[in-house]
Amino acid sequence: MLNVVLFEPEIPANTGNIGRTCVVTGARLHLIEPLGFSLDSKQLRRAGLGYWENLDVAVYRDWEDFLTRCGLTGPAGEKRLHLLTKKARRTYAESTYRDGDYLVFGKESSGLPEDLLAAHADSCERIPMLADRDTLANRDAWSAQEATLHPDDAEPTSSPLLQQDICGNFIDPADYRISALNLSNAAAIVLYEALRQTNFPGME
């Protein structure tokens, strides 16, 4: 079994879609609080259609609770984690996946926190995408909006990634990319690569 982990997801439809994907692939879904919605949300269940009741899902109060309950503390646990972030240099296709691994995705608005990425630098991966200059005609307006959403990121030299990393695993945090895939699409892409590498266990 593979595991999909959503860190503080905000949009119920995305989580519902990911839940549906987990059901048909035999993956387990892990939700790390706080959630941006109730698990009784109509949007959540509508996106998951009739699959939600068949989903193997667990909820955790925070990241540490998740690591502890899943037995992921220490070096052995670290090897089972795959943290998806636009800030990683290594792509998901360059990684090796094994049965029981955990694919971790951040919240829709801001992804995974930089201190968490820095603490697990060797576990970070990205999905290749075109740069903003090639995709967004209104990239300047997007950049201005992004700055208001994340005012603490104004000084990139204070980034935990720059403080922690010395092996070039991360891109320059100042080179921020706005362009991104929808969360449910990103989860499906990486999950199916992990399934491919593990020979689609039990699937026809």
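Since the structure is predicted, the reported quantities are computational estimates derived from the model, not experimental observations.
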* Structure fact -> Heavy atoms of Arg89 and Glu94 approach each other most closely as O-OE1, 4.3 Å
* Asked: What heavy-atom pair brings Phe105 and Ala187 nearest, and what distance separates the two atoms?
  -> CZ-CA, 3.4 Å
* To do: Test Ser95 against Arg90 for side-chain contact (heavy atoms from CB on, under 4.5 Å), laying out the working first.
  => CA-CA 8 Å; Ser95 298; Arg90 188 176 70 251; 3.3 Å; yes
* Structure fact -> Result for side chain to side chain donor-acceptor pair (under 3.5 Å) between His82 and one of Thr96, Asn3, Asp101 points to Asp101
* Structure fact -> Minimal heavy-atom distance between Gly106 and Leu183, with the atoms involved, is O-CD1, 3.8 Å
* Output the distance between atom CD1 (Ile18) and atom OG (Ser184), rounded to the nearest 0.5 Å. => 5.5 Å
* To do: Please round to the nearest 0.5 Å and tell me the distance separating atom NE2 of His30 and atom CG of Leu103.
  => 9.5 Å
Please table the atom pairs, donor to acceptor, closer than 3.5 Å between any side-chain atom in residues 5-12 and protein atoms at least two apart or in another chain.
residue: Glu8; atom: OE1; partner: Lys107; partner atom: NZ; Å: 2.9
residue: Glu10; atom: OE1; partner: Glu108; partner atom: N; Å: 3.3
residue: Glu10; atom: OE1; partner: Ser109; partner atom: N; Å: 2.8
residue: Glu10; atom: OE1; partner: Ser109; partner atom: OG; Å: 3.2
residue: Glu10; atom: OE2; partner: Ser109; partner atom: OG; Å: 2.9

* Keeping the roles fixed (side chain from Arg28, backbone from Ala58), state whether a donor-acceptor pair exists under 3.5 Å. => no
* Which pair of non-hydrogen atoms, one from Thr85 and one from Cys124, has the smallest distance, and what is that distance? -> CG2-CB, 4.0 Å
* Could you pull out all residues at least two apart from Asp65 that satisfy salt bridge (Lys or Arg N to Asp or Glu O under 4.0 Å)? => Arg61, Arg69
* What's the verdict on side-chain contact (heavy atoms from CB on, under 4.5 Å) for Thr25 and Leu2, showing C-alpha distance, side-chain angles and the deciding distance? -> CA-CA 9 Å; Thr25 58; Leu2 288 161; over 6 Å; no
* To do: Treat each ILVMFWY residue as a node, draw an edge where side-chain heavy atoms are under 4.5 Å apart, and state whether Leu84 and Tyr192 are in one component.
  => yes
* Asked: Can you tell me how far OH of Tyr92 sits from CD1 of Ile189, rounded to the nearest 0.5 angstrom?
  -> 6.0 Å
* **Interatomic spacing from CG in Leu67 to NE2 in His120 - rounded to 0.5 Å** => 5.5 Å
* Atom of Arg80, atom of Leu72 and distance for their closest heavy-atom approach -> CB-CD2, 4.0 Å
* Asked: Looking only at heavy atoms, which two atoms of Leu81 and Leu83 are closest? And how far apart?
  -> CB-CD1, 3.8 Å
* **Student check: side-chain heavy atoms of Trp52 and Thr15 closer than 4.5 Å** => yes
* To do: Determine yes or no for a side-chain-to-main-chain donor-acceptor pair under 3.5 angstrom, with Arg126 supplying the side chain and Lys87 the backbone.
  => no
* Is Tyr51 reaching over with its side chain to a backbone N or O of Thr21, donor-acceptor style, under 3.5 angstrom? -> no
* To do: For the residue pair Tyr60 and Cys70, establish whether any side-chain heavy-atom pair is separated by less than 4.5 Å.
  => yes
* For the residue pair Met1 and Asp56, establish whether any side-chain heavy-atom pair is separated by less than 4.5 Å. => yes
